[in-house]
Chemist: 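Below you will find the structure I want to go over with you.
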Number of protein chains: 2
Amino acid sequence: MSKKTTIYDIAKKLDITAATVSRALNNNPKISEATRELVLKTAAKMNYKQNRLALALQSGKSNNVGVIVPRVDSNFFGAIIRGVEEELNPHGYHVIICQTHEDENRENENIDTLLNAQVDGILISTTSNKITEPFNRVLKKNTPLVFFDRRKTMNGVSSVTINDFEGGYKATKHLIEQGCTRIAHFSGNRSIEIFQERYLGYKQALIDSGIEFNEDYVIETKSNREAGSNAVKLLLELNPPPEAIFSSGDFAALGAIEELRLRNINIPEEFAVVGFSNEPFTKFMELSISSIDQSPLEMGKMAAKVFLEQVTNTDNIKMEKKVILEPELIIRKSSLKTSLIKPNLKKVT
Amino acid sequence: MSKKTTIYDIAKKLDITAATVSRALNNNPKISEATRELVLKTAAKMNYKQNRLALALQSGKSNNVGVIVPRVDSNFFGAIIRGVEEELNPHGYHVIICQTHEDENRENENIDTLLNAQVDGILISTTSNKITEPFNRVLKKNTPLVFFDRRKTMNGVSSVTINDFEGGYKATKHLIEQGCTRIAHFSGNRSIEIFQERYLGYKQALIDSGIEFNEDYVIETKSNREAGSNAVKLLLELNPPPEAIFSSGDFAALGAIEELRLRNINIPEEFAVVGFSNEPFTKFMELSISSIDQSPLEMGKMAAKVFLEQVTNTDNIKMEKKVILEPELIIRKSSLKTSLIKPNLKKVT
DNA sequence: CTGTTAGCGCATTCAC
DNA sequence: GTGAATGCGCTAACAG
């Protein structure tokens with residue numbers, strides 16, 4: 001059990017005052033070399049460890065930052081958290097994680113409890129685009145706030161995102177280059193900025209290549225296999241049906257592929273597919289799935305760096321920084337046609 | 001910015017003392033209903049929020065628990081952390097995460113900084129089996145310590161693991177039931193308990209079925225595709241070669257499967273494979289891979305529960321609890337032979 | 001029921 | 001250079 005030794009204990013032992021001990025421990029210049037060494041040595045001997053809690057209370061800095069994500073057990077958020085932790089740990093910060101499960105109320109609760117816990121900053125991938133009271137409290141309290149991936153539009157708040165528009169554009173452009181013209185899109189809920197941007201990128205790529213945009217080819221799906229399977233069924237009933245899909249999510253892309261194979265449609269020859277997020281499984285599939293990599297590790301590190309800048313620049317009241325990472329297209333079998341000769345497609349009127 | 005309002009602020013406003021305010025806020029019985037309501041109301045009006053740091057310092061409880069894992073961006077550990085967070089959050093605890101990257105030194109550092117941060121408990125999947133000084137400090141400080149998945153043998157310390165022996169046994173037994181007799185094993189580093197146990201389970205299943213154990217069929221591999229691919233190459237040069245593999249890791253199993261397919265060996269007819277961990281990709285492959293599920297979500301929740309019990313039972317100085325979860329065999333295509341008739345295998349002398 | 005006092009462990013004034 | 005005093009925000013012990 002052994003009660004924790006404090007600076008008072010070591011002060012008493014050395015018959016000096018706690019203030020002196022504190023100074024010695026903190027490399028305060030106004031202290032004699034002799035006492036400093038003495039203090040350091042006996043501190044080590046007595047197995048002294050600083051109580052960060054007391055320091056936190058008196059300094060107002062807890063050295064904890066809160067990270068709020070929808071869930072932690074996905075590759076994407078896991079990698080982000082990894083990045084945040086690795087970047088922040090060397091600076092003496094601990095990472096507290098909170099999950100929202102896409103629930104706005106829990107998000108608000110999490111923010112409030114983190115604020116109560118006196119975190120030095122909050123990094124969040126938000127679930128809604130409303131600016132609720134807790135967010136205002138964060139600003140009022142002057143706690144550094146950084147959005148990553150999913151942001152809200154707030155004055156003076158920094159964010160780290162990827163260029164989702166570019167991601168959608170690249171994916172679609174790639175499909176066009178493979179010779180596809182009838183390209184469908186699985187979109188997420190477009191009231192969420194990232195999905196809207198991917199959609200717009202898709203649209204723009206079509207326009208830039210002189211391909212007519214077809215509303216019927218855009219389907220809003222959840223990101224799971226069943227949704228992808230159902231969506232592709234709808235598409236195949238269209239006349240003409242599409243010959244490619246750019247999906248805003250890898251799971252929906254997977255579901256689509258499964259459905260297509262069930263119908264003996266050859267991928268990528270007859271039908272090409274590109275997903276989004278570069279989930280690990282896309283790489284391991286025998287028919288590997290092309291996808292857009294969001295470099296979540298980088299995103300996490302970057303979010304942490306932005307926080308660190310914010311916490312350093314105390315002079316600047318406000319500094320709003322928008323970091324936009326470039327998405328990378330990973331071309332795999334599901335969209336790479338071996339020959340550039342356009343394959344036989346079902347004849348279409 | 002607006003300075004945080006404290007109980008003193010609201011005390012001054014109401015012309016009472018801070019202690020009374022504290023009592024009202026904490027539902028202390030010895031207080032009049034009138035003042036309680038008054039305090040509560042003005043507290044709300046002044047937007048009072050408790051400073052958990054001050055509470056922590058004075059009570060000695062930070063309401064934070066540290067979770068230490070090799071890395072956070074794997075499905076397994078991600079799911080565990082998710083379980084921990086979900087179980088602990090309703091009890092007012094925050095989860096601080098630390099990564100070791102399988103480095104013993106970083107593990108020790110993490111423990112020490114968590115201790116300094118006055119966490120109320122440490123949940124850890126340890127990287128080595130040595131009992132280093134920081135672990136002793138945890139005990140001396142009487143901080144609840146719970147191992148999960150990878151444990152050390154320490155007196156009075158609880159752990160939550162799966163029955164790895166049983167996992168190895170089930171996997172191997174299943175292969176035997178599919179008609180395989182020449183069953184190889186990819187083992188991890190067997191100085192780590194979990195791998196040793198899986199190996200022993202494998203061995204016992206063979207013995208129980210009257211199958212001779214063959215040392216040559218056991219290969220120590222890392223858990224990645226390349227290692228699996230290399231290992232299977234070695235196996236195929238044996239005479240007779242095995243006709244099945246139980247792999248201690250899914251990635252090695254995947255590598256093996258890739259290599260087998262390269263050689264046009266039919267799976268599962270000619271060669272059956274079972275992995276371990278039930279990584280998401282095993283399910284999504286077109287040739288889905290059989291695996292052992294470790295129910296990481298449950299494991300995380302259980303570890304959290306054990307911690308909660310520990311923190312509640314203050315009377316009992318020591319309580320050592322060993323929770324052992326049952327692994328589940330998930331049978332998929334890579335090992336499920338459609339007919340019970342033993343398929344044509346390469347003839348062997 | 002409520003006020004007074006004290007302390008959690010530390011760093012930081014201000015004296016000397 | 002060092003000591004003494006003070007406060008961070010809160011709760012708990014002891015009075016009354």
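From a predicted model like this one, the values you see are computed outputs, not experimental measurements.
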Chemist: Say whether, by atom type as modelled, one donor and one acceptor occur between the side chain of B:Asp120 and the main chain of B:Ser62 under 3.5 angstrom.
Modeler: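 Confirmed, B:Asp120 side chain pairs with B:Ser62 backbone.
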Chemist: Between A:Glu85 and A:Arg82, is there a salt bridge with N-O shorter than 4.0 Å?
Modeler: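 Judged by the 4.0 Å cut-off on N to carboxylate O distance, A:Arg82 and A:Glu85 do not form a salt bridge.
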Chemist: Counting only heavy atoms not in A:Lys61, do more than 12 fall under 6.0 Å of its NZ?
Modeler: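 Enclosed: over 12 neighbouring heavy atoms sit under 6.0 Å from NZ of A:Lys61.
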Chemist: For DNA chain C, which residues of residues 50-65 of chain A approach it to below 4.0 angstrom with any heavy atom?
Modeler: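 When residues 50-65 of chain A is checked for heavy atoms under 4.0 Å from DNA chain C, the hits, listed by number, are A:Gln50, A:Asn51, A:Ala54, A:Leu55, A:Gln58.
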Chemist: Would you grab the first and last nucleotide of DNA chain D (5' to 3') that comes under 4.0 Å of any non-hydrogen atom in chain B?
Modeler: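 Under 4.0 Å from chain B, the extent on DNA chain D is D:dG9 to D:dA13.
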Chemist: For the backbone of B:Ser158 and the side chain of B:Lys322, can you confirm whether one donor and one acceptor N or O come within less than 3.5 Å of each other?
Modeler: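 No: the side chain of B:Lys322 does not pair with the backbone of B:Ser158.
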Chemist: Is the side chain of B:Thr161 donor-acceptor paired with the backbone N or O of B:Phe148 at a distance under 3.5 Å, no angle test?
Modeler: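 Checked: no pair found.
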Chemist: Give a yes/no verdict on a cation-pi contact between A:Lys152 and A:Phe135, requiring under 6.0 Å between NZ or CZ and the six-membered ring centre and an angle within 45° of the axis.
Modeler: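 Because its charged atom sits under 6.0 Å from the ring centre and within 45° of the axis, A:Lys152 does stack over A:Phe135.
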Chemist: Taking all heavy atoms of B:Asn89 and all of B:His94, pick out the closest pair and write down the distance.
Modeler: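 Closest approach of B:Asn89 to B:His94, heavy atoms only: OD1-CD2, 4.3 Å.
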Chemist: So which protein nitrogen or oxygen atoms get under 3.5 Å of nucleotides 14-16 of chain C's nitrogens or oxygens?
Modeler:
none

Chemist: Between the two ends of the helix from C:dC1-D:dG16 to C:dC16-D:dG1, what is the bend in degrees, rounded to 10 degrees, where each end axis spans five pairs?
Modeler: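 Helix axis angle between the two ends: 50°.
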Chemist: Under 4.0 Å: is that the gap between some side-chain N or O of B:Thr20 and OP1 or OP2 of C:dG3?
Modeler: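 Result: yes.
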Chemist: Verify, without hydrogens or angle tests, whether B:Thr143 (side chain) and B:Gly121 (backbone) share a donor-acceptor contact under 3.5 angstrom.
Modeler: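 The answer is no, because no donor-acceptor pair under 3.5 Å joins these two groups.
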Chemist: Regarding A:Arg106 and A:Glu104, does a basic nitrogen lie under 4.0 Å from an acidic carboxylate oxygen?
Modeler: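 A salt bridge is absent here (no side-chain N lies under 4.0 Å from a carboxylate O).
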Chemist: C:dG9 P sits how many Å from B:Gln118 CD, rounded?
Modeler: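 Rounding to the nearest Å, CD of B:Gln118 and P of C:dG9 are 8 Å apart.
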Chemist: Any base atoms under 4.0 Å from B:Ile31, or only sugar-phosphate, or nothing? Heavy atoms, all strands.
Modeler: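 Answer is sugar-phosphate: B:Ile31 comes under 4.0 Å of backbone atoms only.
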Chemist: Nearest-Å distance, OH (A:Tyr48) to P (C:dG9)?
Modeler: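 Whole-Å distance recorded here is 10 Å.
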Chemist: Could you tell me whether the side chain of B:Asn108 and the main chain of B:Glu133 form a donor-acceptor pair under 3.5 Å?
Modeler: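 Not a single qualifying donor-acceptor pair exists.
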Chemist: Does A:Gln99 use its side chain to pair, donor to acceptor, with the backbone of A:Arg71 at less than 3.5 Å?
Modeler: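 The answer is no, because no donor-acceptor pair under 3.5 Å joins these two groups.
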Chemist: Are any of the side-chain nitrogens in B:Arg150 or B:Glu193 under 4.0 Å away from the carboxylate oxygens of its partner?
Modeler: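 No, B:Arg150 and B:Glu193 are not salt-bridged.
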Chemist: Sequence neighbours excluded, which residues qualify as ring-ring contact (aromatic ring centres under 6.0 Å, His included) partners of B:Phe77?
Modeler: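 Result, ring-ring contact (aromatic ring centres under 6.0 Å, His included) vs B:Phe77: none returned.
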Chemist: Base, sugar-phosphate or nothing for A:Thr6? Non-hydrogen atoms, less than 4.0 Å.
Modeler: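 Answer is sugar-phosphate: A:Thr6 comes under 4.0 Å of backbone atoms only.
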Chemist: Which part of the nucleic acid does B:Thr17 contact within heavy-atom distance under 4.0 Å: base, sugar-phosphate only, or nothing?
Modeler: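 Here B:Thr17 touches the bases of the nucleic acid.
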Chemist: In terms of heavy-atom contacts, does CG of B:Asn26 have more than 12 from other residues, nucleotides or ligands at under 6.0 Å?
Modeler: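 Result for CG/B:Asn26: enclosed.
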Chemist: Quick one: which of A:Thr126, A:Thr100, A:Thr132 gives a side-chain hydrogen bond (donor to acceptor under 3.5 Å, both in side chains) with A:Glu107?
Modeler: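 Of all the options given, the one that passes is A:Thr126.
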Chemist: Just to be sure I understand the geometry, which residues of residues 35-45 of chain A put a non-hydrogen atom under 4.0 Å away from DNA chain D?
Modeler: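 Within residues 35-45 of chain A, the residues near DNA chain D are A:Thr35.
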Chemist: Regarding B:Thr17 and B:Thr20, is there a side-chain donor-to-acceptor distance under 3.5 Å anywhere?
Modeler: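 No, no side-chain donor-acceptor contact under 3.5 Å.
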Chemist: Report which part of the nucleic acid A:Asn28 touches: base, sugar-phosphate, or nothing (heavy-atom distance under 4.0 Å, all strands).
Modeler: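 Contact class for A:Asn28: none.
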